[in-house]
Every structure is written in structure tokens, then in C-alpha cells.
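Data first, discussion second: the structure below is written as C-alpha cells.
The shown structure was predicted, so the numbers you read here are calculated from the model rather than taken from an experiment.
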Amino acid sequence: MLECTLEELCHGGVKNIKITRDIITDEGLIMKQEETLRVNIKPGWKKGTKITFEGVGNEKPGYLPEDITFVVEEKRHSLFKSRGDDLEIAVEIPLLKALTGCNLSVPLLSGESMSISVGEVIFHGFEKAIKGQGLPNGKEDGKRGDLIITFLVSFPKELSEEHRSMAYEVLKDCSWA
């Protein structure tokens with residue numbers, strides 16, 4: 001298993017992995033040898049990608065050395081999840097902004113942030129896709145997935161009777177189709 005961060009799967013990187021393998025000495029003895037394998041992570045690799053090092057595994061008398069295969073696993077990220085080439089992030093938004101629209105600063109995997117404007121009424125679970133801000137496609141150079149923002153609307157914990165009446169007056173004639 002080769003654990004990679006989303007940043008490594010997005011931008012690429014290098015991992016050095018220590019292995020211990022059996023080798024056959026010139027005298028015919030089997031002994032352990034430590035080696036470091038260098039894995040060049042390519043942008044666009046996904047969970048499940050296999051990387052094989054041919055002939056660097058255990059040696060046995062009368063056989064060619066074994067291959068070593070690593071399978072890419074994705075480390076959990078604190079903000080993002082991947083779905084294919086797309087990145088997903090959940091953003092909490094207050095009820096007032098959900099009803100009236102707003103400008104938001106949304107974090108990107110690069111560590112920067114992007115300002116987006118949302119004009120429509122946002123409901124809990126509403127999704128908005130930002131084209132080309134996801135993970136690179138490992139098979140098509142220059143193509144990237146989307147950043148999918150899921151909005152989580154936070155409601156007030158309590159309202160006074162006066163505020164309830166005001167909300168009722170404002171919202172009573174809205175069509176909820």
C-alpha cells in the first residue's frame with residue numbers, strides 16, 4: 001500500500017519507501033537486505049493505481065527475483081473528498097445568506113481560496129460545481145475535474161416570538177414549489 005495525500009495525487013510528488021528483501025549472496029546464502037525504492041507520483045493518479053517494481057523483490061534459488069507492487073491509497077483529507085476527478089467540499093452557510101445570496105471564499109486544494117458569488121436561494125444539500133478546480137485527469141493532459149461545493153444551511157437554534165412573527169410575515173406569500 002502506498003498512502004498518498006490529495007495534494008500528492010493532484011500535483012505529483014516523490015515518496016521513498018524502505019523495503020527489506022531476501023537476497024542470495026555470492027556464497028549462496030540467503031540474507032536480508034534493506035533498500036529504498038523511489039516512487040514518482042504522477043498528477044492524476046487515483047486510489048487503486050498500481051506501481052510495480054520488476055525484479056526487486058525476494059530472491060529464491062532457481063527463480064527470478066520477485067516483483068514488488070504498491071497500490072495507491074488515498075489519505076483522508078480534513079476538508080476535501082475525491083470522487084473520480086472531482087473534489088468535494090462541504091461549506092456551512094447561515095440561513096440569511098442562503099435566502100438572500102452571498103459572496104463566499106472557498107478553499108482550494110492548493111491552499112489558496114477562490115471567491116464565488118451565489119445569487120440563487122440555497123437549500124440544505126444544494127451543490128454548485130466550479131469547473132476545472134478538481135483533480136487532474138491522469139489520462140488526458142490538461143483536463144481537470146470539478147470542485148463540487150455542497151452547502152449545509154445552518155438554522156438559528158432559537159427565535160423569539162417577535163422574530164417568528166416577522167419571519168412568518170416575510171415568508172408567508174413565498175411560493176415553495
Regarding [X] and [Y], does a basic nitrogen lie under 4.0 Å from an acidic carboxylate oxygen?
X	Y	value
Arg21	Glu34	no
Glu8	Lys15	yes
Asp85	Lys143	no
Lys18	Glu35	no

First locate atom [atom1] of [X], then atom [atom2] of [Y], and finally report the distance between them rounded to the nearest 0.5 Å.
X	Y	atom1	atom2	answer
Ile19	Lys32	CD1	NZ	11.0 Å
Glu73	Thr49	CD	OG1	10.5 Å
Thr20	Gln33	OG1	CD	9.5 Å
Glu3	Lys47	CD	NZ	11.0 Å
Lys75	Glu7	NZ	CD	10.0 Å
Asp22	Glu66	CG	CD	8.5 Å

Under the criterion side-chain contact (heavy atoms from CB on, under 4.5 Å), I'd like the reasoning laid out for Arg38 against Asn40: C-alpha separation, chi angles, the key distance, then a yes or no. CA-CA 7 Å; Arg38 183 181 176 99; Asn40 291 312; 3.9 Å; yes
Is there a continuous path of hydrophobic side-chain contacts, each under 4.5 Å between heavy atoms, that joins [X] to [Y]?
X	Y	result
Val56	Ile30	no
Met166	Leu99	no
Phe155	Phe126	yes
Leu104	Phe123	yes
Ile24	Ile68	no

Count the heavy atoms of every other residue, nucleotide or ligand shown that sit under 6.0 Å from [atom1] of [X], and state whether that count exceeds 12.
X	atom1	result
Lys60	NZ	no
Glu127	CD	yes
Lys46	NZ	yes
Glu120	CD	yes
Leu64	CG	no

List the steps and the verdict of side-chain contact (heavy atoms from CB on, under 4.5 Å) for Phe70 and Ile17. CA-CA 10 Å; Phe70 296 101; Ile17 303 168; 3.9 Å; yes
Is there a donor-acceptor contact under 3.5 Å from the side chain of His124 to the main chain of Val153?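 Side chain of His124 to backbone of Val153: a pair is present.
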Can you name the one residue among His163, Glu158, Glu162 that meets side chain to side chain donor-acceptor pair (under 3.5 Å) with Ser160?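 Answer to the side chain to side chain donor-acceptor pair (under 3.5 Å) test with Ser160 among His163, Glu158, Glu162: His163.
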Option among Asp146, Val106, Leu108, Ile149 that satisfies the side chain to side chain contact (heavy atoms under 4.5 Å, CB included) test with Ile130: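 Considering Asp146, Val106, Leu108, Ile149, a side chain to side chain contact (heavy atoms under 4.5 Å, CB included) with Ile130 is found only for Ile149.
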Quick one: are [X] and [Y] in side-chain contact, heavy atoms under 4.5 Å?
X	Y	result
Thr150	Val91	no
Leu87	Ile148	no
Ser105	Ser113	yes
Leu109	His77	yes
Ser82	Leu6	yes
Phe151	Lys128	yes
Ile89	Leu147	yes
Ile93	Cys102	yes

If we ignore angles and hydrogens, is there a donor and acceptor under 3.5 Å between the side chains of Asp67 and Thr52?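 There is no such pair (donor and acceptor under 3.5 Å, judged by atom type) between the side chains of Asp67 and Thr52.
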On a heavy-atom basis, which atom in [X] and which in [Y] lie closest, and how many Å separate them?
X	Y	answer
Thr100	Leu96	OG1-O, 2.7 Å
Ala90	Leu152	CB-CD1, 3.8 Å
Pro43	Cys10	CB-O, 3.3 Å
Gly48	Val71	CA-CG1, 3.8 Å

Determine whether Gln133 and Met114 satisfy the following criterion, side-chain contact (heavy atoms from CB on, under 4.5 Å), listing intermediate values before the conclusion. CA-CA 10 Å; Gln133 290 297 325; Met114 169 184 264; 3.8 Å; yes
Show, in sequence, the C-alpha distance, side-chain angles and deciding distance for Leu135 and Asp86, and conclude whether the side-chain contact (heavy atoms from CB on, under 4.5 Å) test is met. CA-CA 6 Å; Leu135 295 170; Asp86 294 335; over 6 Å; no
